[in-house]
Amino acid sequence: MAETQDQTQSVVLDGVTKRFDSFVAVDDLSLELSRGEFFTLLGPSGCGKTTTLRMIAGFERPSAGEIRIEGDDVAALPPHKRPTNTVFQSYALFPHLSVEANVAFGLKRKKVGKDEIAERVATELKRVGLAADANRRPSQLSGGMQQRVALARALVNLPKVLLLDEPLGALDLKLRKGLQVELKRIQREVGITFVYVTHDQEEALTMSDRIAVMNHGRVEQVAVPEEVYDRPSTTFVAGFIGVSNLMPASVAGTGQVRLDQGQTIATSTAGFAEGQRCHAVVRPEKLRVELLDGAGGTDADQTRVEGIVESSLYLGTATQIAVDLGGGVRMTVLIPNADEAERQRLPGGGARVALSWEPEHMHIVSESPNGEGAQEKQDLETTREVDANA
Amino acid sequence: MSTVRRRLVPYFLLGPGTIWLVVFFVVPLYYMFKLSLETGLVGSLEFSWHWANYSDALSLYHSQLIRSFVYAGIATLVSLLLAYPLAYAIAFKAGRWRNLMLFAVVAPFFTTYLIRTIAWETILGDQSPVTEFMNAIGLAPGGKVLATGFAVIAGLTYNFLPFMILPIYASLERVDVRLIEAAKDLYASATQSFLRVTLPLSAPGIVAGVLLTFIPAAGDYVNAQFLGGVGNRMIGNVIQSLYLSQSNYPSAAALSFVLMALIMIAVVIYIRFAGSEALMGEEAQ
């Protein structure tokens, strides 16, 4: 079975598909996770990320494909025989048991010796900072504390893979930020493979070693956070990670892209054919904005487009300016509020502006093969509403 | 002013219930207690602190008292064994049939208790197919089911079963299935996750069901009257006949208080045990 098994592989999904009646939740998914990796499945709700996690845990059987954990095919194993543990979104702590008994639950089922259980439970509770709360009931704890108990209850078993299903989703922002750092620290400390499911792109970028961006049951890109952010491979990934600035374009020739707005820009076109339709992406913080007065804008600067300021939003640390390039193309510019006088000079609504950027900050992406995600569209809607109110 | 009113609101809300309890429970109880210490016959009853009513009741009718508790105890146990799997099936497996099944559980209440018990008299009668069948498989020695302890216990079980099913169902229905998933994720087999998670979480329903079944069953007289024989009389039958046939009100009242006291003792012992961590599923440390 494990003839080509790499010693560093942890979880391997090979052509995994999950159908619920006629609905395909996960479509021919293949992933390879390394040991000790913090791997994130990122995507909008309904993209199949939680179903994927549940298949690794054993709560769902794949309709097709193979799941291997450290070389062993686990398809036929029920959840309680798999070397995985889960931190559930709702924590699912046993309300009738103390914190200590919750954490000891898995070790007791494995018939670990009494003294060893006591020792490991104490160590784990100390790790998550709950040593003083061992005898309390889950209902007496705050949400953040319950989340730690859930983490300790899973980690104490030293699983080969820890599965986390949006574990921070129910917590408020400040607590979430703190726990993100702590989770990452614990993951480094124990060296266990983490499979982390979230729809929060910021969370994914902060914590992950690698991210798989999912859409409609398929993976659109698997890469390290920097690459997912800076070089998204599809329009969906570009839109889901951060604010999308997509300019329709076509490949004019090798290393040449012509924006529909008129400019031809030198950029890498590897993997694209001449004449192919694509989108050029520039991140909002990489754009510069410049007021056009009168007849300006005829200089030879190629990496620039012109448009009309739709709105300007004060975000505290930055100012967000939405620029309409015409033809239904909207660009978002993010300018740090470093200097108050400079901020005062930023163009307001209705002003004609030019946007420019360094050529290396632009690259082209293909149209998402799976259609645009519902989440992204929704986000755009809300942005529009906010703009309309501004 | 308004704070005074706000402070009084709970008492206003408690008022109707308190009045009801005083008029229909405390006052009758007081008169019953007084009656239990009187001597003489109807018409010439006299209050005389006659505690002998109690000792007489106990010495004359202790066998019926014991029988009541044994019958009620067996009926409660059988009900529990029948009700738990049924309630479990309705809560977790019934799917779209759930409401229909719940309706089937309460449907017997559309007919009066008395009629249903009399129907059982016919079903368990000497010539009935049920009796003949039971005789054929050796469960009815002498070809008789009616007028046996078996028939009385069967009747009690039948009549009080819904009171066991409904509270157990209510507690099972609230069990979060994600907890069962969590147990399985933590290496518990199906049996272990039932014993360690589902069963402890449904314990409050079991406690309530046992009380709701045992208490009325212990004081019941209808089942013993229609389905039992002379040797199967329960304490309820004795009290009924002392009141209605023999007009011996003081003895009947004393016996009622004895029954009440015994049931209360049983319930207190049971709740102390059931309320302990052992039954609530606390894992021993």
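Proteins get letters first, then strands, A, B, ... in listed order; numbering begins at 1 in each. Keep in mind the model is a prediction, meaning the values are calculated, not measured. Just so it is clear, the values below take in all heavy atoms, side chains as well, and ignore hydrogens, waters and symmetry mates.
The aromatic rings of A:Phe38 and A:Tyr196 are tilted relative to each other, their planes meeting at an angle between 30° and 60°. Relative orientation of the A:Phe105 and A:Phe94 rings is tilted, given thresholds of 30° and 60° on the angle between their planes.
Within the 4.5 angstrom heavy-atom criterion, no atom of A:Leu107 approaches chain B. In this structure, the portion of A:Arg82 lying under 4.5 Å from any heavy atom of chain B is its backbone and not its side chain. If you measure heavy-atom distances from B:Gln192 to chain A, the contacts under 4.5 Å come from the side chain alone. For B:Asp185, the parts sitting under 4.5 Å from any heavy atom of chain A are the backbone and the side chain alike.
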Take A:Asn135 and A:Val99, measure what side-chain contact (heavy atoms from CB on, under 4.5 Å) needs, and give me the verdict at the end. CA-CA 6 Å; A:Asn135 295 317; A:Val99 166; over 6 Å; no

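Looking only at atom types and distance, the side chain of B:Ser202 has no donor-acceptor partner in the side chain of B:Ser171 under 3.5 Å away.
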